[in-house]
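Some notes on the structure that comes next.
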Protein chains: 2
Amino acid sequence: MKGAHVAEQTTGARPTLEAVAALAGVSRATASRVVNGGAGVRAPLVDRVRQAVEELGYVPNLAARTLVTRRNDAVAVVIAEPEFRIFSDPFFQEQVRGISRELTAHDSQLVLLWVEDQGDHDRIARYLGGGHVDGALAFSLHDEDELAAVLRRAKIPTVLGGRPTDGIGPDMPYVDCDNRGGAREAVRLLVDRGCRTVAHLAGPRDQTSAADRADGWRDALGAPDPDLLCQGDFTAESGARAMAELLERRPDVDGVFAANDLMASGALRVLRERGLRVPEDVAVVGFDDVASIAEHTDPPLTTVRQDIEGMGRLMVRLLMRLLNEHGSGAPAPDPLITPTTLVRRASA
Amino acid sequence: MKGAHVAEQTTGARPTLEAVAALAGVSRATASRVVNGGAGVRAPLVDRVRQAVEELGYVPNLAARTLVTRRNDAVAVVIAEPEFRIFSDPFFQEQVRGISRELTAHDSQLVLLWVEDQGDHDRIARYLGGGHVDGALAFSLHDEDELAAVLRRAKIPTVLGGRPTDGIGPDMPYVDCDNRGGAREAVRLLVDRGCRTVAHLAGPRDQTSAADRADGWRDALGAPDPDLLCQGDFTAESGARAMAELLERRPDVDGVFAANDLMASGALRVLRERGLRVPEDVAVVGFDDVASIAEHTDPPLTTVRQDIEGMGRLMVRLLMRLLNEHGSGAPAPDPLITPTTLVRRASA
DNA sequence: ACGGCTCCCGAGAGCGCTCTCAGGCCGTCC
DNA sequence: GGACGGCCTGAGAGCGCTCTCGGGAGCCGT
């Protein structure tokens, strides 16, 4: 109580390690040791320092610490504005959750940076390059993406979520799921259950995940009629539109592989409206296995599951490895590709 | 080119101000002056330093700068997990956009901190208290909210979005819109257009914005029959449910003030299903004027507009004022209440 | 009892930057 | 021509922390 009172006298100025050391009657070095775990300090001293910390309400000055350790214990998650919508995407939320959990396990802080427009890139670059964070995580970079350049220029260890487009270059490590393999499996299921005309409701052309899934569809089918691919953009509405278009073009379709669950749910709606039975008349498979969608469609959706939270965690682990190797001239690590599993429900 | 080459020789280690100064043939102090705007340095020297900066690819070490200036030029936006859903809320997105824009104008960086669970509070407290950010912005705090305690303990200048509950204390400045006044106006419109039985579809009890709007409804009506208030939770479904319940209890209702646009849209749907005409049989007013909703309901929604982005900007401005006054013993500033305006469309 | 060892602790040197302060230079005014 | 003032610049003192290094104390073995 009396101690706390003294502390409040020196109002404003936050107590320094020096003050803690003085109060505990030890050197600054010892106080520092205690604050950082207390290894190699005798118990009675540890206690005295701990008490002094408590009494003064000491909190280490991170800037000072960073200055000497060159660590920040903070990682930036960079989001570009056009993709801010991904916030509303359960997929992304789950991934960020994984990132956050893993970061906590590594005693690191998540710093979310939001790039709003072009002018922001300088600011972001300054921030990233200025040494406020140890590394960065970014999502699905595109060739024309200024962000890629910023990241590269900042020379900051970076891990990407989702395979970048080819123009980004091979030195950017990334984590992705086996989109192509998962898609192959999905289509094979459709074929195995007897579908003769398997179409694909494709995701946006400029996203590699969508492209890879389309490739998987082609893989499994040999050289499918291009008419069987209808373009969408990962939204439910686009799935509905693509399904309607498909029915127009190819009324004989009896199997549909949608690029994600949202599109599949849109397709399901259209099928229902047209009085087509799922899976009897048309079997449908999605991708992602987002619980809030796949389990509640009518009928429940057969889909390709990817471990989204796990991918978030992997991104962090990969980054941590990068951080440890940083400067050691180690080669850029290989991308991490997580496996997918087919989840059978009622739609196929 | 040759310079850049030299720079790359000293690989790994980032160039320091010292190196820039040496290359430019000036003192570190002068180099620092140039980097920070160049005031009071003769043009030829400025040029030489600028060139050296360019050549070496110098980026100031923010930790070192922060250590001496005690500024971070960064502000934390703290989001508690239970409210992570607000990401998907267009209301929140718009507010964050306002915050981001205003922060950029103040040359500050937005750092988004996400509190996931109880264990995170320590980490957040360390981060906030550790001096990585100059101030914090948080949203609609509740009495039982651990976050409030963390913020207070960190002794970090904080501005709240939305009036906190009374238990939080009066010393936390906040920005909010005139919920009560806006609600009064909405109800008055209903009364003026001849509604005799004006009900309220209320938002969640534990949010002050919802409580204030309900109070505004009471204000305008004197002492309305408590039966006329149906509880919801700001979601469209809850609005539909409340509307259905209301119709059950009071079939004579001819005016409805919904706590927000989403609830109003749910109510509109129920009204339509029951074959009741809007506004002829029942007039409806919402709150928020979220464009993506209010303009697209059937009929388009009459609602109370609040300047959401503006509120975000105001939060930042208020925080900046706090930052400037910090330590000067100035009294906690008054909350900022922004006015609302009634937007008349077709539903009332 | 003494050399050597281990174990703790304190002194002190920075990390990279900003900012005060004093001094040098020049122009101006008497 | 000398004194004064203004404008630039450089030297140097930290900001608060970590970490190396050396010394002192205690312990062991012989």
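Each chain gets a letter, A, B and so on, in the order the sequences are listed, and its residues count up from 1. In what follows, every heavy atom counts, from backbone to side chain, and hydrogens, waters and symmetry copies are set aside.
Take A:Arg50 and apply the salt bridge (Lys or Arg N to Asp or Glu O under 4.0 Å) test, not counting sequence neighbours, and it matches no residue. Not a single salt bridge (Lys or Arg N to Asp or Glu O under 4.0 Å) links B:Asp334 to another residue, sequence neighbours left out. With sequence neighbours left out, the side-chain contact (heavy atoms from CB on, under 4.5 Å) criterion links A:Asp47 to no other residue. Shown here are the side chain to side chain donor-acceptor pair (under 3.5 Å) partners of B:Gln95, two or more places apart in sequence or in another chain: there are none. B:Thr16 pairs by the side-chain contact (heavy atoms from CB on, under 4.5 Å) definition with B:Glu18, B:Ala19, not counting sequence neighbours. A:Thr165 meets the side-chain contact (heavy atoms from CB on, under 4.5 Å) test with A:His142, A:Asp143, A:Ile168, A:Thr208; sequence neighbours excluded. Judged as a salt bridge (Lys or Arg N to Asp or Glu O under 4.0 Å), and not counting sequence neighbours, B:Arg33 has no contacts. For A:Leu314, the side-chain contact (heavy atoms from CB on, under 4.5 Å) test picks out A:Val175, A:Arg317, A:Leu336, A:Thr338, with sequence neighbours left out.
Take the nearest nucleotide of DNA chain D for B:Val26 and for B:Val68: the residue whose nucleotide is more 5' is B:Val26.
Listed by first then second residue, pairs satisfying side-chain hydrogen bond (donor to acceptor under 3.5 Å, both in side chains) with a partner in residues 68-78 of chain A read A:Arg71-A:Asp73, not counting sequence neighbours.
Of the possible donor and acceptor atoms, one in the side chain of B:Thr66 sits under 3.5 Å from a partner among the backbone N and O of B:Leu62.
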Nucleotides 21-27 of chain D: protein proximity per nucleotide (B base, S sugar-phosphate only, - neither; heavy atom, under 4.0 Å): -------
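Listed in residue order, the members of residues 36-46 of chain A having a heavy atom less than 4.0 Å from DNA chain D are A:Asn36.
When DNA chain C is scanned in the 5' to 3' direction for atoms under 4.0 Å from non-hydrogen atoms of chain A, the outermost contacting nucleotides are C:dC8 to C:dG16.
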